Amino acid sequence: MDYRQLVAEAIHNELKDHMELNEINRLLERPKHAEHGDIAFPAFQLARLFRKNPAQIAQELGDSITSPVISSTQVIGPYINFYLNKKTVSQSVINDVIKEKGHYGELSIGNGGNVPIDMSSPNIAKPMSMGHLRSTVIGNALSNILAKVGFSPIRINHLGDWGTQFGKLITAYKKWGNEEDVRSEPIKELLRLYVKFHDEAEDDPTLEDEGRAWFRELESGNEEAVALWKWFREESLKEFEKVYERLNISFDSYNGEAFYNDKMSDVVSLLDEHKLLTVDQGAHIVDLDKYDLNPALIKKSDGATLYMTRDLAAALYRKDNYDFSQSLYVVGQEQSNHFKQLKAVLKELDFDWADSIHHIPFGLITKDGKKLSTRKGKVVLLEEVLNEATAQALQQIEDKNPNLPDKETVAEQVGVGAVVFHDLKNDRLNNFDFTIEEVVQFEGETGPYVQYTRARAMSILRKAGVESLSPSEPFALSDDYSWEVVKLLHDYPDTVRRAYENYEPSIIAKHAIQLAQAFNKFYANVRVLDEDPEKDARLALVFAITEILKEDLRILGVETPDEM
RNA sequence: GUUUCGGUAGCUCAGCUGGAUAGAGCAUUCGCCUUCUAAGCGAACGGUCGGGGGUUCGAAUCCCUCCCGAAACGCCA
């Protein structure tokens, strides 16, 4: 049931010749204060239309609007406030959820269209940082949201597995590294070598030359260089897999930068055929003046290709391979310019699908107010954050629920859940300064709060012996605490739609928090298991809540322990 | 300097396409476990919505301008 639509139709019945249904729907609003009813219609626009005082219009119109979902109407000044029929609406909404369970809120906007999502994309030989976490969890949540509204997401891990840094790394390894250390702790050791290289290079600039030389060797297929590269890549991937496993995220493709090595010359020829390339200071560029953008650098003055070249190759490959309906890039906002250029170049190539490419930017994570830098060894290691969160979750369990079975598993779900939820709960463009205390929190607007809320609800169902419900029974409720929950359940499809339209997982996270808050108030004030004529309906509501909280968290990539 | 984001309670943030007395969480203080998990609930405290103009019946929200912060700005990705 969509009661907003029903109310709009009821109003439209009275205003047929004066206002479109859509317009009415647009004007309807949810009052901020409970004493203003459940849904309100302001009469200001009508005042202009009828050249009358809006309060007077509201007064005249108010009583004539009727509908089975409206239980009463109250006019306050220029507002017509509607109170909905709680029993009718709650019964309908609860049954909708019970019928559809996790599928509730699914939409068919996507028509099954493929949507490659460029996400995570860590650099080989570097540890996963909090920054990669953002791309990973936002990308994952967006994939789930897209699937929920009918697209077929394709998760692509565009690994940073090529570039001059490998020349530097090979140089550093040959100078200061050994096989054993790399094997035992690959990322840590490779990072140490990488940082050492940059330290030493400050005093000894010839190192940079050596690094470039080794990269040239790698590009031209030098056996030793290629072997080292492959080895570094494998070891790194193994480490990344551990993290992805903890986050419960998998990919459909690991085609990274190296994958496009043999596909870039085609891009260059294509640009050339379209007469788009010009030479400037020895470099090949595409002029983008008419887009008010800097030129896109396609080839360096030494002939080497660049990031842009590679991303063009990737965009073309994805179009050919997936025939996507849209293509997303979950990449930090500091690269906005790059993606504007990318789209502009594709437009210059006359590809009409250029507009279906969307950069999904996100804010920067800083530490002590400063940008993180791998080169300077200034990193927040994701794995350490997850470990700390899990350890604290375990401590919490020991304190509060020491008899809980399988504590370690739950601690992992809660700890990781806290970190992931924290990353998704705010507008993705917000910057934030990393502190472990802030990320690992279990109270208030956090992942564990939502998980805990659901665990309490599950506990009620367990005690009542409810495992599943069929939607036939009359689950009508009318108390205020249930009503707040019912309204949030009702809003779910619209929430999903908004999350999709804005590519914004935080909209789902906020819904989860609101629903959890509403349920906790209900829980504190309404006894579910007591014998009461409404007992079955209350259990049905609790069941509906567990389903939607679980679905909210599933979309965000947060697990849901039944007990904690 | 140019462009793009941002400035709302002590801190972190909501506030949907302008609407009725600006909301949460954290922190602080206080109350609630003989009743379904207190990772909870309730209460108190806390705001010139960066400043100034403008549009409007109505502006935290839209426009202009100024101040402050962050990021990007041709051979890194």
Side-chain angles (χ1 to χ4, degrees), chain A residues 26-27 29-33 35-36 40 42 44 47-48 53-54 76-79 81 121 123 158 160 162-165 257 280-285 292-302 304 306-308 310-311 331-338 340-341 361 363-364 366 369 371 375 393 396-397 399-401 404 414 418 425-427 429-433 435 437-438 441-446 448-453 455-464 494-495 498 501-502 506-507 510 513-514 516-517 519-530 538 542 563-564:
Chain A
R26 202 181 62 80
L27 289 171
E29 56 189 80
R30 159 159 302 187
K32 288 179 187 137
H33 304 276
E35 67 266 29
H36 292 145
F44 300 103
R48 193 168 298 177
N53 179 338
I76 302 177
Y79 287 90
N81 296 325
S121 313
N123 294 319
H158 189 77
W162 201 252
T164 42
Q165 74 265 28
E257 291 170 10
D280 190 76
Q281 295 166 41
H284 289 67
I285 62 169
D292 226 11
L293 291 167
N294 293 326
L297 267 164
I298 302 299
K299 258 179 155 180
K300 297 204 274 191
S301 41
D302 66 3
L306 284 136
Y307 183 33
M308 180 60 69
R310 210 170 284 273
D311 260 8
V331 179
Q333 69 164 337
E334 64 272 17
Q335 292 189 38
S336 301
N337 211 47
H338 167 76
K340 281 184 195 156
Q341 292 179 318
L364 207 62
T366 53
K371 202 177 165 179
R375 280 197 304 279
Q396 187 93 327
I397 292 169
D399 290 349
K400 309 204 169 194
N401 196 359
L404 182 73
V414 172
K425 76 171 169 178
N426 288 326
D427 191 316
L429 276 166
N430 290 356
N431 296 339
F432 76 88
D433 196 63
T435 54
E437 295 78 18
E438 199 198 300
Q441 267 190 31
F442 302 142
E443 289 166 22
E445 296 170 337
T446 66
Y449 170 80
V450 180
Q451 290 172 317
Y452 174 74
T453 302
R456 294 215 293 183
M458 288 302 290
S459 173
I460 293 177
L461 296 181
R462 217 178 300 123
K463 291 206 158 84
D494 188 56
T495 303
R498 274 174 40 231
E501 285 173 353
N502 295 292
S506 72
I507 290 174
K510 289 193 175 88
I513 288 171
Q514 284 179 357
Q517 284 173 335
F519 171 74
N520 280 322
K521 285 176 186 154
F522 168 85
Y523 183 92
N525 290 285
V526 179
R527 301 284 310 166
V528 177
L529 294 175
D530 288 357
R538 288 173 182 166
V542 173
E563 259 184 280
M564 65 186 269

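Chain letters run A, B, ... following the sequence lines, proteins first and then strands; every chain starts at 1. The structure presented is a predicted model; accordingly, all values stated were derived computationally and were not measured.
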*Has the side chain of N337(A) got a donor or acceptor atom sitting under 3.5 Å from an opposite partner on the base of A71(B)?*
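Counting by modelled atom types and ignoring angles, no donor-acceptor contact under 3.5 Å is found here.
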
For the [atom1] atoms, the ones on [N] and on [M], what distance do you get once it is rounded to whole angstrom?
{"N": "G50(B)", "M": "C32(B)", "atom1": "P", "answer": "40 Å"}
{"N": "A27(B)", "M": "G40(B)", "atom1": "P", "answer": "10 Å"}
{"N": "A77(B)", "M": "G69(B)", "atom1": "C1'", "answer": "26 Å"}
{"N": "A43(B)", "M": "G23(B)", "atom1": "P", "answer": "14 Å"}
{"N": "A44(B)", "M": "G58(B)", "atom1": "P", "answer": "33 Å"}
{"N": "U21(B)", "M": "U3(B)", "atom1": "C1'", "answer": "40 Å"}
{"N": "U56(B)", "M": "C13(B)", "atom1": "P", "answer": "36 Å"}

Listed by chain and number, what are the side-chain hydrogen bond (donor to acceptor under 3.5 Å, both in side chains) partners of [X], not counting sequence neighbours?
{"X": "Q333(A)", "result": "none"}
{"X": "D302(A)", "result": "none"}
{"X": "N426(A)", "result": "none"}

Under 4.0 Å between any heavy atoms, over every strand shown, what does [X] touch: base, sugar-phosphate, or nothing? Just pick one.
{"X": "D433(A)", "result": "nothing"}
{"X": "A40(A)", "result": "base"}
{"X": "P295(A)", "result": "base"}
{"X": "E35(A)", "result": "base"}

[X]: salt bridge (charged side-chain N to carboxylate O under 4.0 Å, His left out) partners, not counting sequence neighbours:
{"X": "D280(A)", "value": "none"}
{"X": "R538(A)", "value": "D532(A), E534(A)"}
{"X": "R462(A)", "value": "none"}
{"X": "E501(A)", "value": "R497(A)"}

*How would you list, by chain and number, every residue that makes a side chain to side chain contact (heavy atoms under 4.5 Å, CB included) with Y523(A), sequence neighbours excluded?*
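So Y523(A) forms a side chain to side chain contact (heavy atoms under 4.5 Å, CB included) with R456(A), I460(A), F519(A).
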
*asked:* Using a 4.0 Å heavy-atom cut-off to protein, can you give one letter per nucleotide of nucleotides 34-44 of chain B, 5' to 3': B if the base is in contact, S if only the sugar-phosphate is, - if neither?
replied: -BBBSBSSS--

*Starting at the 5' end of nucleotides 11-16 of chain B, put B wherever the base has a protein heavy atom under 4.0 Å, S where only the sugar-phosphate does, and a dash everywhere else.*
-SSS--

Whole-Å gap separating [atom2] ([N]) and [atom1] ([X]):
{"X": "D302(A)", "N": "G74(B)", "atom1": "CG", "atom2": "P", "value": "17 Å"}
{"X": "E257(A)", "N": "A77(B)", "atom1": "CD", "atom2": "C1'", "value": "6 Å"}
{"X": "L293(A)", "N": "U2(B)", "atom1": "CG", "atom2": "P", "value": "18 Å"}
{"X": "Q335(A)", "N": "A77(B)", "atom1": "CD", "atom2": "P", "value": "10 Å"}
{"X": "L27(A)", "N": "G18(B)", "atom1": "CG", "atom2": "P", "value": "10 Å"}

*Can you find a heavy atom in the side chain of M308(A) that is under 4.5 Å from one in the side chain of L297(A)?*
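No, their side chains stay 4.5 Å or more apart.
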
*With a 4.5 Å limit on heavy-atom distance, are the side chains of L461(A) and V542(A) in contact?*
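The answer is yes; the side chains approach within 4.5 Å.
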
_Phosphate contact (G23(B) OP1 or OP2) by H33(A) side-chain N/O below 4.0 Å_ =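 H33(A) to G23(B) OP1/OP2: side-chain N or O found under 4.0 Å.
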
*asked:* Checking understanding here: a glycosidic angle within 90° of 0 is syn, the rest anti, so what is C64(B)?
replied: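 Base orientation relative to the sugar is anti.
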
*Report the secondary structure of RNA chain B in dot-bracket form, marking unpaired bases with a dot and bases paired to a different strand with |, and treating Watson-Crick or G-U pairs with both distances under 3.5 Å as paired.*
(((((((..((((.....[...)))).(((((.......))))).....(((((..]....))))))))))))....

*Report the nucleotide, chosen from C26(B), C57(B), A77(B), that has the shortest atom-to-atom distance to any side-chain atom of Q441(A).*
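That would be C26(B).
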
Find every protein N or O atom lying less than 3.5 Å from an N or O atom of nucleotides 3-5 of chain B, and list the pairs.
none

*Has H36(A) got its ring stacked on the base of A20(B), with centres under 5.5 Å and planes less than 30° apart?*
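Per 5.5 Å and 30° rule: yes, stacked.
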
